Amino acid sequence: MTTRICADVDEAVAGIEDGSTVLVGGFGMAGMPVDLIDALIRQGATDLTVVSNNAGNGDTGLAALLAKGRVRKVICSFPRQKDSWVFDDLYRAGRIELEVVPQGNLAERMRAAGAGIGAFYCPTGVGTLLAEGKETREIDGRGYVLEYPIKGDVALIGAHRADRMGNLVYRKTARNFGPVMATAATTVIAQVREVVETGTLDPETVVTPSIYVDRVVQEAAHA
């Protein structure tokens with residue numbers, strides 16, 4: 001597989017289909033691929049299931065996608081915060097579905113998808129509403145809930161740099177869910193600050209190898 005270096009973000013998101021499950025990187029706005037999300041809005045795919053750490057901030061990025069009515073369901077850990085008014089309004093109006101997944105479980109369910117793990121037992125959520133309808137088991141005297149992988153049709157992630165092969169490095173907290181999402185999706189699209197020549201990156205700093213990355217696009221310069 002060869003990673004494609006795209007001329008612009010519109011080329012990068014071309015072909016995303018209605019009904020897709022889209023993994024969106026970011027911890028709040030840290031590492032959120034806003035340019036790719038804006039391009040997805042222009043592209044027009046709808047009836048999406050979005051998997052992300054939270055359900056959007058303010059009126060930009062993921063929140064803008066929600067506001068356009070393109071998302072059928074959100075799977076996330078933190079659906080509500082002080083600036084989640086777009087999601088709040090949609091949810092209260094019954095216009096969007098929500099599945100809450102504890103943060104560690106969210107990361108592990110995507111990691112499991114990338115690692116080919118069929119399911120796993122986890123103690124988080126035992127005895128709460130989050131465990132309702134799920135298989136539970138006692139192991140060594142402790143309760144566990146059976147959790148299944150989350151696999152995406154597409155992952156939109158933000159990274160700091162890519163080389164022309166598609167190897168990715170991240171910057172500080174912007175790394176967050178990007179690496180596991182890159183292993184868990186059929187098509188992985190990375191927005192980066194800079195594309196450098198192959199051989200420029202220190203191999204010891206590469207977190208996501210190019211084998212996981214299908215498309216790379218350099219983000220537009222922002223004033």
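This one's a predicted model, so the numbers in the text were calculated from it and none came from an experiment.
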Original post:
How would you list all residue pairs meeting side-chain hydrogen bond (donor to acceptor under 3.5 Å, both in side chains) that involve residues 113-128, not counting sequence neighbours?
Top reply: Y121-E135, Y121-R137
Subject >> Distance in Å, M165 CE paired with L201 CG, rounded so as to fall on 0.5 Å steps >> reply: 11.0 Å
Subject >> Ion pair D214/R4, N-O distance below 4.0 Å >> reply: no
**OP:** Can you measure from CG (D89) to CZ (R95) and round to the nearest 0.5 angstrom?
**Re:** 9.0 Å
Original post:
Between M29 and V34, is any pair of side-chain heavy atoms under 4.5 Å apart?
Top reply: yes
**OP:** State yes or no: do L106 and V188 share one hydrophobic cluster built from I, L, V, M, F, W and Y residues joined by side-chain heavy-atom distances below 4.5 Å, directly or via other members?
**Re:** yes
Subject >> Same apolar cluster (I L V M F W Y, side chains within < 4.5 Å links), V13/V22 >> reply: yes
Original post:
Which pair of non-hydrogen atoms, one from V154 and one from A185, has the smallest distance, and what is that distance?
Top reply: C-CB, 3.7 Å
**OP:** Check M181 against A155 and note the closest heavy-atom contact, atom names and distance.
**Re:** O-CB, 3.7 Å
Subject >> In one Ile/Leu/Val/Met/Phe/Trp/Tyr side-chain cluster, 4.5 Å: Y148, V51 >> reply: no
Subject >> Distance, nearest 0.5 Å, that separates CG of L48 from CG of L40 >> reply: 6.0 Å
Donor-acceptor contacts under 3.5 Å from residues 55-69 side chains, at least two apart:
residue : atom : partner : partner atom : Å
N57     : OD1  : N54     : ND2          : 2.8
N57     : ND2  : D83     : OD1          : 3.3
N57     : ND2  : D83     : OD2          : 3.4
D59     : OD1  : W85     : NE1          : 3.0

Subject >> Euclidean distance, C6 SG relative to Q218 CD, rounded to 0.5 Å >> reply: 12.0 Å
Original post:
Residues two or more places apart in sequence or in another chain: which of them pass side-chain contact (heavy atoms from CB on, under 4.5 Å) with E197?
Top reply: R164, T200
Original post:
Do R80 and D88 have side chains that get closer than 4.5 Å, going by heavy atoms?
Top reply: yes
**OP:** Taking atom types as modelled, find out whether R72 and T49 have a side-chain donor-acceptor pair closer than 3.5 angstrom.
**Re:** yes
Subject >> Shared hydrophobic cluster for F78 and L90 (ILVMFWY, side-chain gaps under 4.5 Å) >> reply: no
Subject >> Check against side chain to side chain donor-acceptor pair (under 3.5 Å), Q103 and N53 >> reply: CA-CA 7 Å; Q103 194 173 62; N53 180 65; 2.7 Å; yes
Subject >> Spatial distance of atom CZ (R193) from atom CD (E219) [nearest 0.5 Å] >> reply: 5.0 Å
Original post:
Is there a side chain to side chain contact (heavy atoms under 4.5 Å, CB included) between V217 and E11 once you walk through the steps?
Top reply: CA-CA 9 Å; V217 63; E11 178 188 341; over 6 Å; no
Original post:
Of all residues at least two apart in sequence or in a different chain, which pass the side-chain contact (heavy atoms from CB on, under 4.5 Å) check with A159?
Top reply: L168, Y170, V192
Subject >> Which residues share a side-chain contact (heavy atoms from CB on, under 4.5 Å) with T136, sequence neighbours left out >> reply: V145
**OP:** Kindly compute the distance separating CZ (R109) from SG (C122), expressed to the nearest 0.5 Å.
**Re:** 10.5 Å
Subject >> Listed partners of D153 passing side-chain contact (heavy atoms from CB on, under 4.5 Å), at least two apart >> reply: S20, T21
**OP:** Given side chain to side chain contact (heavy atoms under 4.5 Å, CB included), test M110 with F177 step by step and report yes or no.
**Re:** CA-CA 9 Å; M110 289 186 286; F177 290 90; 3.7 Å; yes
**OP:** Would you sort out whether I16 and Q43 count as a side chain to side chain contact (heavy atoms under 4.5 Å, CB included), showing the intermediate values?
**Re:** CA-CA 8 Å; I16 296 177; Q43 189 258 9; 3.9 Å; yes
Original post:
If we only count heavy atoms from C-beta on, is the L146 to K134 side-chain gap below 4.5 Å?
Top reply: no
Original post:
Do the side chain of Q191 and the main chain of L36 share a donor and acceptor less than 3.5 angstrom apart?
Top reply: yes
Original post:
Within the distance-only criterion (no hydrogens, no angle test), does the side chain of R70 pair as donor or acceptor with the backbone N or O of I41 below 3.5 angstrom?
Top reply: yes
Original post:
What are the two closest non-hydrogen atoms of A12 and R215, and how far apart are they?
Top reply: O-NH1, 2.6 Å
**OP:** Using the side chain to side chain contact (heavy atoms under 4.5 Å, CB included) rule, pick out the option among V101, L98, L23 that qualifies with I75.
**Re:** V101
**OP:** Could you state whether V24 and V100 fall into the same hydrophobic cluster, counting links through intermediate Ile, Leu, Val, Met, Phe, Trp or Tyr residues with side-chain heavy atoms under 4.5 angstrom apart?
**Re:** yes
**OP:** For side chain to side chain contact (heavy atoms under 4.5 Å, CB included), just list the numbers for S210 and V216, CA-CA rounded to whole Å, side-chain angles, deciding distance to a tenth of an Å, and then say yes or no.
**Re:** CA-CA 10 Å; S210 62; V216 168; over 6 Å; no
Original post:
Are the side chain of N105 and the backbone of E147 linked by a donor-acceptor contact shorter than 3.5 Å?
Top reply: no
